[in-house]
K.L.:
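Take a look at the following structure, please.
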Amino acid sequence: MEALIDRVFTVAEQQYTAMDTRLTEKTLPRTLSADGEFVPSNIYWWCSGFYPGSLWYIYEYTRKDAVKTLAEKNTLKLDSIQYVTRDHDVGFQLNCSYGNAFRLTGNEAYKQVLYQGAKSLSTRFNPAAGVIRSWDFVRKGCDWKFPVIIDNMMNLELLLSMSKAYADDSLQNIACTHANTTIQHHFRDDYSTYHLVDYDPETGAVRGKQTVQGFSDDSSWSRGQAWGLYGYTMCYRYTHDQKYLDMAEKIYNFIFNNPNLPEDLVPYWDFDAPNIPNEPRDASAAACTASALYELDGYRPGNHYKEIADKIMESLGSPAYRAEVGTNGNFILMHSVGSIPHGQEIDVPLNYADYYFLEALMRKRDLEK
Ligand code: GLY
C-alpha cells in the first residue's frame with residue numbers, strides 16, 4: 001500500500017500540474033466529454049472546490065512549493081462562493097478548497113471565508129422541517145416545496161468545523177438537526193437511502209421521496225449511499241454522538257452485504273441498475289466510501305473497515321481505473337458516473353472521484369503511522 005500511495009501521488013502531481021495549463025482565471029476542471037474533450041466548469045458548479053482540494057492533498061504529500069502555489073491560486077478563484085445562498089453546495093465547494101487550505105496553512109484569511117460560507121449555508125435551514133434546503137429549482141413534472149438530497153450530509157462538515165472554530169453553537173445545532181431529521185426520513189428499513197425527500201416547509205411533513213440521479217425512486221443510487229456513509233462518519237468526528245456511528249455502520253452493512261456489489265468493490269452506478277453486470281461502474285462512489293471507511297476504522301477498529309478500504313484502493317489504483325500520465329484529460333481516475341437519467345457524465349473521469357481517492361490515500365497513510 002505504501003508503494004501504491006507513492007505511485008499515485010507521483011502521478012497526481014504530474015497530472016494535476018499539467019491540468020492547470022488547461023484553465024483560465026475563472027475556470028476549474030470538471031470532466032471529459034463523451035468524445036474525450038476536456039470540460040471545464042465555472043466557479044458556481046457544485047464540484048468547483050475539488051481541484052484545489054486535490055492540489056492541497058498533493059501538496060500535503062509532496063511538500064513542494066510549486067504545488068502549494070497552484071493550490072492557493074485555484075482556491076482563491078472561489079472567493080465569492082462564501083456569499084452564495086441559492087444552493088447547498090457551498091459546503092462541498094468551500095470545505096474541500098478553503099477547508100484544506102486552512103488546515104494546512106493555518107492562515108486566518110481562509111478561515112474567515114469558511115465562516116462566511118457556513119453562515120450563508122445556514123440561511124437555507126428551515127426550523128419547521130428541521131433540514132437545510134438543497135435546491136431552489138424544481139424539476140420539470142415535480143412540485144417540490146423543500147427538496148433535500150442525501151448529498152447534503154456532506155455539506156454539514158462546513159457547519160460543524162466552523163461551529164468548532166468560532167464556538168458558534170447555532171451552526172452545530174443546525175447541522176445536527178439536519179442529520180437527525182435525515183435519519184428519520186431519508187432511510188429505508190434496510191438502511192439504503194432515498195436520493196431526495198421533499199418536505200412541507202410550513203409543517204415539516206414529508207411530501208414525497210424519489211430519485212433524481214438514480215435508476216428509480218425505490219432503487220439505491222451508489223453515490224448516495226457513499227454520501228450517507230461519509231456524512232454520518234464525519235458527524236461523529238465533531239459530535240462524538242454514537243448514533244451517527246451506528247448509522248454509518250448500518251449504511252456500511254447495506255453496501256457491503258449487497259449481492260450486486262462487484263468483487264473489486266467498485267459499485268455499479270446504482271445497486272439496482274437493470275442490466276447488471278452490463279452497467280457502468282462509479283469510481284467516485286468507491287473512492288468516497290473508502291475514505292469514509294478509513295475514518296470509521298479509527299472510531300470502531302477491528303471491524304475490517306480498513307481492510308475493505310484497502311481493497312477498494314487496490315482496485316482504484318490498478319490500471320482498470322487509474323489512468324496513465326498524459327492521458328484521461330489529466331484526471332487521475334477513469335470510470336465514474338455523474339447522472340445517467342440526465343445522460344450526463346457517463347463512464348468518465350470526475351474531479352471528485354480523484355479528490356476522495358487522494359483523501360483516502362492520505363487517511364490510509366496517517367492511519368498506519
Ligand atoms: N451532489 C451531486 C452528485 O453527487 O452528483
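Starting from 1, each residue takes its place in the sequence as its number. Side-chain atoms are counted along with the backbone in the values below, which use heavy atoms only and exclude waters and symmetry mates.
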K.L.:
Okay, side chain of S163, backbone of L160: is any donor-acceptor separation there less than 3.5 Å?
P.N.:
no
K.L.:
Do you know which two heavy atoms are closest between L114 and L94, and how far apart they sit?
P.N.:
CD2-O, 3.5 Å
K.L.:
According to the salt bridge (charged side-chain N to carboxylate O under 4.0 Å, His left out) rule, which pairs have a member within residues 152-181, sequence neighbours left out?
P.N.:
E157-R237
K.L.:
Does R223 make a cation-pi contact with W269 (under 6.0 Å, within 45 degrees of the axis)?
P.N.:
no
K.L.:
Are V8 and L4 close enough, and set up right, to give a side chain to side chain contact (heavy atoms under 4.5 Å, CB included), and what steps lead you there?
P.N.:
CA-CA 6 Å; V8 170; L4 174 69; 4.0 Å; yes
K.L.:
Please confirm whether the backbone N or O of T193 pairs with a side-chain atom of Q225, one donor and one acceptor, at under 3.5 Å?
P.N.:
yes
K.L.:
When the aromatic ring centroids of F92 and W227 are compared, is their separation below 6.0 Å?
P.N.:
yes
K.L.:
Looking at Y57, Y61, Y59, F357, which hits ring pair (Phe, Tyr, Trp, His ring centres under 6.0 Å) with F9?
P.N.:
Y61
K.L.:
State whether the side chain of N328 and the backbone N or O of L333 hold a donor-acceptor pair below 3.5 Å, judged by distance alone.
P.N.:
yes
K.L.:
Between V337 and M334, is there a shared hydrophobic cluster once you connect ILVMFWY residues whose side-chain heavy atoms come closer than 4.5 Å?
P.N.:
no
K.L.:
Could you name each residue pair satisfying ring pair (Phe, Tyr, Trp, His ring centres under 6.0 Å) that touches residues 142-169, not counting sequence neighbours?
P.N.:
Y115-Y166, W135-W144
K.L.:
Given I132, which partner from the list L156, T123, N126 fulfils the side-chain contact (heavy atoms from CB on, under 4.5 Å) test?
P.N.:
L156
K.L.:
More than 12 foreign heavy atoms under 6.0 Å from CD of E25: is that the case here?
P.N.:
no
K.L.:
Do the side chains of R281 and D264 get close enough for a salt bridge, i.e. N-O under 4.0 angstrom?
P.N.:
yes
